[in-house]
Amino acid sequence: MVTLGARDVPGLRRFYRALGWAELPGGDDGRVGFLLAGVLLVLRPAAGTDGAAGGAMLTCTVTGPRQVDSACVAAVAAGATVLAEPADHPEGGRSACVADPEGNRWEIAWAPLARWRTEGGQAPPAAPAAPAPAEPHRAGAELLHDHGASDEVVAAQLVAAGGNGPGWAVETLLCAARTARREGRPEQAVDFLRRALAEPLPPARRGGVLTELGSLEVTLGPADRALGVRHLAESVRLEQSDVSVFKAANALGTALAARGQTSVALEVMEELAERFTGHPELAWAVQVAAALIASHDGHSWLETVDRLRRLAATTPARPAPAVRVLLAEFDSTSGRLSAAEAAAVAREVTVEPLDPFSRTYVLASAATLAQWADELALADRLVTEGLTGHRGPLVDPGYQSLLSVHAESLVMRGRYRELLEACHGWGVLVGPPARPAPSGVGNAHLVAQAVIALTETGRAAEARRLADSVVVDGSHGSWEWNEFLYARGLLSLAEGDPAGALDDLSECGRGQSARQVTSPVVTPWRSAAADCQLLLGRPAAAVALATEELAAARHWGTPRCVGRALRALGTATGGRAGLATVEQAVALLRTAGTDPELIAALAAHGRLLVAAGHLTAARGALREAARHAERIGAGRWCAVVAALLAAAGARRATASQTGAHALTGSERRICALAAQGHSNPEIAALLHLALRTVETHLTNSFRKLGVRRRTELAGRLAAEPAVPDR
């Protein structure tokens, strides 16, 4: 038992709850206990603990070096302060040191021979500790279970006891594992699932546990990843239902492809397809799953698409929705379809009945088409439907594709803060400062979107650390890797390194060409590369790249794609012709509803107007760009536009005049009522104001918030909470 005297027991109690530690029943803010698998931590007011508060060094031992890092990350996320980063010791072992909100120091330590560091120096080597007797833990588990303790508290005792447990042990362990996984503690979930395998299980139940366990293990470190692949392979071999085998094989194939073993992964899926020859829905689902797995390798991807085309052509019945929408994805990226045609396919396949096996794939691909076609409301609906209905492993390629669509949609609209929060929830980032999570599904596309968001919000140093942390691990040739190269290129360009940016963007272009991706709907690398060429003093090369991109963008036909390419071409061309081209881009992008591209076009317009000597017009364009940049929190563009405004002779702004914080008290009240659906006359009557006053306030508020319709008010006010009046 460890007793801590606390100056603020309720606050410290909240801290340890936030760590996920289980509180014993009967506690209160005067005395509370936490049972930690063999240690009882008691919090009491400092006055009654004989000086127990402050200055204590406590040690939390963990079962391996990897757990030192994950425990440290969890503590920081809950509010702890790092005193010593995780580090290996020459004599063996690994440790870190953190302080809770009241300064109590915790050493998180692992050592193969229990050699723990002490405050005064290194303790002499100790003999290995004898294993704790199993019986007390088994008895403790039964006692806690009978007294209504949480599944996780009981499961921790079952793990310590080992062997077989009571009849309720399996359900308790599985429930605890799902809670740990849902709350972002995959390593603890793995411990519970491994313990569940020690219980007697029928083959079908064992297969389900192995699939769940393997799907988590492949997201962790190299040793766990290898074990996860073996567990998934064992699950596929067990006698289970077709659906269960499909889920296990799908997860296995995805894990193998992520390790660079795409050919082996496809062999797994081919064997599965043979098993399902008499089950058409499952057979088609396997083919589509194989196609998504094949996307990790450019050559395999093209072969798989070609095979799907032949199957679709030779099958008497109409191809399944999953096949039609996947082929539409390929045709969109290769320039065979327009945005209108792609959106029509997305709507068509999602109104048809979907079989449960390929449902996630269809929704993910349809959402992708809708997003590319700037049908963002449709894309959002399909993503939400797919994520809420998904019941398979987290490594499922369809599920990961849904996350990717959602992430890219947020970046398209400049909702960077929302994207970064989502990345923390998905296990891609921890922090702040933003850094890669020690575990999590290795989706390079999600990391790419996080790099873009950090770059655009002015956090380039964090973006660079995140980009440098990415490990290739077999992802070369995948569409995710090409997206990552594009994001890293944008980061280098923002850092003032056009040569380094051009290297990444050109490599992205080569990778996309190898996959027959010519459309700028995926990675508009040519526009960014044109900016690099111009900065490097090669305007002819810049014009050639932008011209090529504009031709492909016009075939696709969305204002966002065409406007972006026009901006790049006008900037590269310069002079009167370039100015006219950029003006077209601005007019087009004002209709697109995607602020980042409009900000870039307005900045380019202002720069060209300054060069032409039209300073008043330049200041107008740049101030509009500044308003949009401030509203979405695009810190990088705020700095760029401020410098351009200074060059145009604008006075330095004393305070931001955009966003919810710029609204006056009266404007906020009027906007709140308008967002609730009240008409202008109703608002005037409710607030005892003249109708003209209400109209004037709303006009000013619309300008400050950057909205065009009353229906946009609620979302904008919720996204940007106002600063209270002083």
Side-chain angles (χ1 to χ4, degrees), residues 63 134 137-138 141-142 145 151-152 154-182 185-221 223-256 258-259 264-265 267-269 271-276 279 282 285-286 289 356-357 390-397 399 439 441:
T63 58
H137 289 291
R138 188 175 293 110
E142 294 188 8
H145 178 267
D151 288 327
E152 287 187 272
V154 179
Q157 294 295 319
L158 290 170
V159 170
N164 294 339
W168 42 260
V170 170
E171 292 303 328
T172 299
L173 288 161
L174 295 181
C175 289
R178 290 175 190 129
T179 300
R181 186 186 72 175
R182 186 172 59 250
R185 288 176 277 114
E187 291 157 344
Q188 191 174 30
V190 163
D191 290 340
F192 293 148
L193 290 169
R194 287 174 178 169
R195 172 62 183 80
L197 289 176
E199 297 293 325
L201 297 169
R205 191 68 182 279
R206 183 177 180 82
V209 174
L210 284 167
T211 300
E212 192 173 351
L213 173 59
S215 298
L216 282 173
E217 288 172 324
V218 296
T219 70
L220 302 178
D224 291 297
R225 216 169 287 149
L227 189 57
V229 168
R230 289 198 291 271
H231 282 147
L232 290 170
E234 182 184 349
S235 178
V236 171
R237 289 193 298 269
L238 286 174
E239 293 182 7
Q240 303 181 73
S241 68
D242 287 345
V243 175
S244 298
V245 171
F246 173 70
K247 289 181 179 179
N250 205 357
L252 174 60
T254 304
L256 289 168
R259 297 173 66 187
V264 179
E267 287 175 9
V268 171
M269 302 311 288
E271 292 176 7
L272 197 62
E274 292 176 5
R275 169 172 174 165
F276 296 147
H279 199 320
L282 264 173
V286 170
F357 313 114
H390 180 70
R391 295 294 180 268
L394 297 182
V395 294
D396 180 276
Y399 179 80
S439 61
V441 175

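The shortest side-chain heavy-atom distance between Leu213 and Val190 falls under the 4.5 Å cut-off. Side-chain contact check for Arg206 versus Glu234: some heavy-atom pair is nearer than 4.5 Å. Looking only at side-chain heavy atoms (C-beta outward), Val170 and Pro200 stay at 4.5 Å or farther from each other. Side-chain atoms of Glu212 and Arg178, non-hydrogen and from C-beta on, do get closer than 4.5 Å to each other. For the pair Leu193 and Leu174, the minimum side-chain heavy-atom distance is below 4.5 Å.
Separating the CG atom in Leu216 from the CZ atom in Arg194 is a distance of 10.0 Å, to the nearest 0.5 Å. Considering CD of Glu152 and OG1 of Thr179, their distance stands at 5.5 Å, rounded to 0.5 Å.
In terms of modelled atom types and a separation under 3.5 Å, the side chain of Arg195 and the main chain of Leu173 share no donor-acceptor contact. Judged purely by atom type and a 3.5 angstrom limit, Thr211 uses its side chain to pair as donor or acceptor with the backbone of Gly207.
Taking all atoms of both residues into account, the shortest heavy-atom contact from Leu232 to Leu210 is CD2-O, 4.3 Å. Between Ala180 and Ala189, the shortest heavy-atom distance links the atoms CB-N, 3.8 Å. When all heavy atoms are compared, the tightest approach of Pro166 to Glu199 is O-OE1, 4.4 Å. Closest approach of Phe192 and Ala155 over heavy atoms only: CE2-CB, 3.5 Å.
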Show your working on salt bridge (Lys or Arg N to Asp or Glu O under 4.0 Å) between Arg205 and Glu171 and close with a plain yes or no. CA-CA 11 Å; Arg205 191 68 182 279; Glu171 292 303 328; 2.6 Å; yes
